[in-house]
Number of protein chains: 2
Amino acid sequence: MVTSVDVAKLAKVSRATVSAVINRNRYVSKELEKRVLNAIKKLNYKPNAIARSLKTKYTKTIGLVIPNIGSPFFSFLVEGIESFSNKNGYNIILCNSDENSEKERDILDVLLGKSVDGLIMIPTGSKNKDYIFKNVIKSKKPIVFLDREINGIEADVVVSENIVGAYETTNFLFKNGYKNIAIITHSEDITPGKKRLEGYIKSLKENKIEIKEEYIKSGGFSSKEGYLNCEDIFRESKIKPDSIIVASSHLELIGVLNYLDDHNIKIPKDIGLIGFDDLPWVRYLNPPLTVNTVPMFEMGNKAAELVIDKIESKKHYNNKPNKISFKRKLIIRNSTNIIY
Amino acid sequence: MVTSVDVAKLAKVSRATVSAVINRNRYVSKELEKRVLNAIKKLNYKPNAIARSLKTKYTKTIGLVIPNIGSPFFSFLVEGIESFSNKNGYNIILCNSDENSEKERDILDVLLGKSVDGLIMIPTGSKNKDYIFKNVIKSKKPIVFLDREINGIEADVVVSENIVGAYETTNFLFKNGYKNIAIITHSEDITPGKKRLEGYIKSLKENKIEIKEEYIKSGGFSSKEGYLNCEDIFRESKIKPDSIIVASSHLELIGVLNYLDDHNIKIPKDIGLIGFDDLPWVRYLNPPLTVNTVPMFEMGNKAAELVIDKIESKKHYNNKPNKISFKRKLIIRNSTNIIY
DNA sequence: ATGAAAGCGCTAACAC
DNA sequence: GTGTTAGCGCTTTCAT
């Protein structure tokens with residue numbers, strides 16, 4: 001391995017000078033600079049980031065904890081995060097918590113041990129609240145929560161207008177004549193799930209529609225669970241739903257599609273369907289799916305911007321946390337009818 | 001920051017002993033071990049991985065270079081990689097080359113500087129061949145190429161049976177009566193593109209079908225390019241294709257879907273369509289799409305297994321490279337007819 | 001304007 | 001069986 005010592009020797013300068021020309025943090029004469037640069041080139045010298053980090057305490061890496069890398073919604077967020085981070089000289093260490101809070105804690109341990117400069121996480125829920133408070137917040141390690149929050153933790157947050165989004169979606173259905181509106185959301189421990197349910201209920205109340213337990217299913221992420229949730233709705237309800245809002249993951253949506261298909265329930269003829277998040281393929285479903293969506297790449301970008309800001313401007317450190325909330329938008333396609 | 005010195009003091013032992021109980025690499029009496037463990041707990045001590053890496057030369061991280069994180073095919077690969085890596089105590093640094101070879105080189109520079117223990121990459125093409133040879137292969141840094149290879153570089157490789165896959169897909173179409181089969185692939189600098197084209201041509205030759213330039217389009221990744229490629233095929237061909245194999249990305253597939261939709265060309269009535277890679281939603285397209293596919297998660301897993309093997313068993317180091325090739329499989333759904 | 005040297009937190013060779 | 005200490009490659013303070 002070629003080190004700064006080798007460069008210094010070849011250029012006949014001190015290691016301090018080598019360091020100075022690399023980091024441009026103190027004056028070096030043209031003459032010496034040239035010699036150093038030449039030596040660097042000749043030796044194909046690359047500074048060792050590990051050694052630098054040990055000294056400076058900065059690793060130029062951000063830890064990223066995601067519940068499911070394979071999920072396209074998350075991977076668009078990751079794309080946004082990676083993009084902004086890379087442009088600003090940061091790398092990301094990507095970890096998959098698999099919606100499992102124990103795995104999540106282990107990941108956090110490792111990430112903290114590797115001295116990431118900051119963290120972005122989409123938490124699995126609130127189970128690690130105390131751990132995070134003790135090991136991240138208290139130690140002033142910058143963190144931003146993305147898409148999902150943890151109640152009671154004061155930190156930067158980038159989310160979307162889940163209440164309004166679900167409220168408007170439900171209203172839209174109501175205005176088109178739907179009266180028996182079912183919803184499938186995340187479990188309530190996941191903030192978007194809780195908030196979307198809140199928006200749904202708000203709309204129902206305002207529109208004076210009775211709220212029925214059997215129309216509300218939550219929990220699960222897989223398409224199997226989507227299938228089962230849908231099945232439960234149909235089995236438990238005397239009056240079958242005339243529409244379903246799938247306000248959880250794309251996999252649950254696929255499960256619902258699967259159930260409807262298996263039972264020959266046609267969209268939108270027999271049932272209206274609205275999904276959440278406009279993934280590239282949903283407009284090519286049969287029929288093209290109406291969705292309530294949010295700019296995913298931009299959300300990721302923003303999260304990265306916030307951590308990096310915090311990492312680099314310790315002075316602002318005691319400011320109160322940033323809460324960014326992205327507007328959601330209903331994209332109307334052909335998966336619902338006007339039925340009145 | 002609490003260091004091993006603090007622990008040593010509190011436990012009244014030497015730092016070597018602290019290190020030994022953490023790494024379990026030399027005998028420590030029960031008595032001392034207990035004192036150390038207690039001190040660690042009391043101080044909430046976490047070993048500093050940076051310092052350890054500086055000493056040991058191992059970072060327990062793998063660099064991962066992907067052309068497009070947002071692409072579900074790649075993100076399933078990443079999921080497999082992350083899963084295997086994490087189980088074995090490795091983290092991954094994820095970088096997006098954006099199908100851009102210059103960005104790719106910069107990424108490699110940074111990753112190497114951060115002393116990753118090994119690399120997994122899906123190369124953008126062969127432009128960085130010399131760079132990789134000089135900075136990775138020659139320095140014996142373990143690397144495995146995933147999904148795409150670089151010709152002339154001797155390294156581990158995890159790919160799929162692209163020639164056979166495209167060959168069988170084309171044969172299937174032929175057997176069902178299709179005679180005017182078009183194909184859209186990656187550019188030829190990307191090995192799967194080259195090989196899929198090879199398989200397609202092999203089938204055509206065997207079936208004594210004339211090979212027409214205007215039925216073959218390659219290049220691009222976006223849905224816009226898919227749209228344009230499809231448009232070109234229709235514009236340039238006197239006899240319109242009766243079927244299209246979309247052997248590139250899911251985004252190009254979406255572009256093709258979009259073109260066909262815009263021109264009211266119905267699948268499979270007016271045209272047969274076969275895609276590559278069985279993403280969760282393709283069976284819910286209209287109509288359910290026939291695809292030639294490969295187990296993505298498993299491919300990622302295997303790639304991780306190979307790098308880690310190489311990282312950890314330096315002794316085998318001069319073995320000849322592993323070439324793993326995953327079988328592809330045709331999943332027949334309803335996007336083609338039997339037309340004879 | 002540049003060099004010498006200390007020290008970041010850890011591991012491991014050596015000493016006892 | 002355990003402690004002492006050098007040193008990983010870098011940055012940065014201090015001295016000149």
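Side-chain contact check for B:Lys46 versus B:Val2: every heavy-atom pair is 4.5 Å or farther apart.
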Q: Output, in order, the C-alpha distance, side-chain angles, deciding distance and verdict of side-chain contact (heavy atoms from CB on, under 4.5 Å) for A:Leu119 and A:Val136.
A: CA-CA 9 Å; A:Leu119 287 163; A:Val136 182; 4.1 Å; yes
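Comparing D:dG9, C:dA4, D:dT4 by their closest approach to the side chain of B:Ala16 singles out D:dT4.
For DNA chain C, the residues of residues 17-37 of chain A within the heavy-atom distance limit of 4.0 Å (strictly under) are A:Thr17, A:Arg26, A:Tyr27, A:Val28, A:Ser29, A:Leu32, sorted by number. Remark: nothing in residues 5-12 of chain A comes within less than 4.0 Å of DNA chain D through any heavy atom.
Of the possible donor and acceptor atoms, none in the side chain of B:Asn88 sits under 3.5 Å from a partner among the backbone N and O of B:Ser85. At distances below 3.5 Å, not a single donor-acceptor pair connects side-chain atoms of A:Asn86 with backbone N or O atoms of B:Asn96.
Spacing between atom CG of A:Leu54 and atom C1' of D:dT12 amounts to 14 Å, rounded to whole angstrom units. Remark: P of D:dG7 and CG of A:Asn48 are 18 Å apart, rounded to the nearest angstrom. For the pair B:Arg52 CZ and D:dC8 C1', the computed distance is 14 Å after rounding to whole Å. With rounding to whole Å, A:Lys55 atom NZ is found 11 Å from D:dG9 atom C1'. For the pair A:Tyr58 OH and D:dT12 P, the computed distance is 11 Å after rounding to whole Å.
No side-chain donor-acceptor contact under 3.5 Å links A:Tyr58 and A:Glu312. Side chains of A:Asp189 and A:Ser126: a donor-acceptor N/O pair is present below 3.5 angstrom, by distance only.
The residues B:Arg24 and B:Glu33 are annotated as salt-bridged, a charged nitrogen and a carboxylate oxygen being separated by less than 4.0 angstrom. Ion pairing between A:Glu305 and A:Lys302 holds under the 4.0 Å rule for side-chain N and carboxylate O.
Residue A:Ser14 places at least one side-chain N or O closer than 4.0 Å to OP1 or OP2 of C:dG3.
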